Amino acid sequence: MDKDDVVDTLNTLIETCKDGEHGFTASAEHVRSANVRQILATRALECREAALELQQLVRQYGGKAEDEGSVTGAMHRGWVSVKGTLAGYSDVAMLEECERGEDAALARYRKALQQDLPADTLLVVQRQMNGVQRNHEQIRRLRDEARASEHKA
C-alpha cells in the first residue's frame with residue numbers, strides 16, 4: 001500500500017472520529033440523564049483524541065490531515081436533531097442514534113483493517129477499533145437500560 005492510500009484510509013477514519021465527536025456531543029446536549037450525558041461527553045472527547053492521533057499519523061506520511069467530519073455524518077447529525085425533536089429528545093432515541101453512529105464507525109474501521117496498512121499504523125487502527133467496539137457495547141447497554149426504565153414508567 002503506498003503512502004497516498006494509507007493517508008486516504010487514515011483520513012476516512014479521521015472523518016469517522018469527527019463524526020463521532022460531533023454526534024456524541026449533540027446527543028449529550030439532549031439526554032436527560034446526567035450519567036448518560038457524562039458518558040456521551042467522555043465518548044466525544046475520546047473521539048477527538050483518536051482523530052488527533054490519526055491526524056499525526058497522516059502528517060508523518062506527508063499527507064494533509066482531514067479536520068472535518070463527513071457529509072454522511074453531518075446528515076446523520078441532522079437526522080438526530082429531527083428525530084430528537086419528534087421523539088422529544090428521549091434518552092432512548094438519542095442512544096439509538098449513538099448506536100447507529102457506532103455501527104457506521106465499526107464498519108469503517110473494519111474496512112480499514114482489511115487494507116495492507118504499515119505495522120505501526122495497523123496497531124493504532126486496531127487499538128482504536130477495539131475502543132469503538134467497547135463504546136458500541138456500552139451505548140447498547142445504556143440504550144437497553146433506558147428502554148427498560150421507560151417501560152417501567
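Source: prediction; values computed, not measured.
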| query | At their closest point, which heavy atom of C47 faces which heavy atom of E21, and how far apart are they? | reply | CB-N, 3.5 Å
| task | For the pair E97 and R100, find out whether any cationic side-chain nitrogen is under 4.0 Å from an anionic carboxylate oxygen. | result | yes
| Mind checking whether L123 and M1 sit in one hydrophobic cluster, side chains of I, L, V, M, F, W, Y counted as touching below 4.5 Å? | no
| task | Of all the heavy-atom pairs spanning L13 and A112, show the shortest one and how long it is. | result | CD1-CB, 3.8 Å
| query | Minimum heavy-atom separation for Y61 to V7, with atom names? | reply | CB-CG2, 3.7 Å
| Closest heavy-atom pair and its distance - I14, A51 | CG1-O, 4.1 Å
| field | Straight-line distance of L95 CG to D144 CG, nearest 0.5 Å | value | 9.5 Å
| query | Quick one: do the E46 and T42 side chains pair a donor with an acceptor below 3.5 Å? | reply | no
| field | Rounded distance (nearest 0.5 Å) linking atom CG of D67 with atom NZ of K18 | value | 7.0 Å
| said: Between D91 and V31 (side chain of the first, backbone of the second, donor and acceptor by atom type, cut-off under 3.5 Å), is there such a pair? | reply: no
| said: Checking side-chain polar atoms at under 3.5 Å, does N130 have a donor or acceptor matched by the opposite partner on Q126? | reply: yes
| Is the backbone of E66 close enough, under 3.5 Å, to the side chain of Q55 for a donor and an acceptor to pair up by distance? | yes
| said: Is there a path of hydrophobic side-chain contacts, each under 4.5 Å between heavy atoms, that joins M129 and L52? | reply: no
| field | L142 side, atom CG; N35 side, atom CG - distance, nearest 0.5 Å | value | 7.0 Å
| field | Salt bridge flag under 4.0 Å for residues E99 and R141 | value | no
| said: Side-chain heavy atoms nearer than 4.5 Å, only ILVMFWY residues, links allowed to pass through others: does that put V92 and I39 together? | reply: no
| note | For I139 and C98, the nearest pair of non-hydrogen atoms, with its separation, is CG2-CB, 3.9 Å
| task | For R108 and T12, work out which heavy atoms get closest and say how close. | result | NH1-O, 3.6 Å
| query | Looking at OG1 of T9 and CG of L113, how far apart are the two atoms once the value is rounded to the nearest 0.5 Å? | reply | 10.0 Å
| request: With rounding to the nearest 0.5 Å, note down the distance linking CG in L10 to CD in E15. | output: 12.0 Å
| field | Donor-acceptor contact present, side-chain R37 to main-chain R32, <3.5 Å | value | yes
| query | According to a 4.5 Å side-chain heavy-atom criterion applied to Ile, Leu, Val, Met, Phe, Trp and Tyr, with indirect links allowed, do L57 and V132 form part of one hydrophobic cluster? | reply | yes
| field | Listed partners of A104 passing side chain to side chain contact (heavy atoms under 4.5 Å, CB included), at least two apart | value | none
| query | How long is the span from the NE2 atom in H22 to the SG atom in C17, to the nearest 0.5 Å? | reply | 11.0 Å
| said: Under a 3.5 Å cutoff, is there a donor and acceptor pairing between the side chains of E53 and Q128? | reply: yes
| query | Can you name the one residue among E102, R143, Q133, R43 that meets side chain to side chain donor-acceptor pair (under 3.5 Å) with Q138? | reply | R43
| said: Looking at R48, I'd like to know if its CZ atom is crowded, meaning that more than 12 non-hydrogen atoms belonging to other residues, nucleotides or ligands lie closer than 6.0 Å. | reply: no
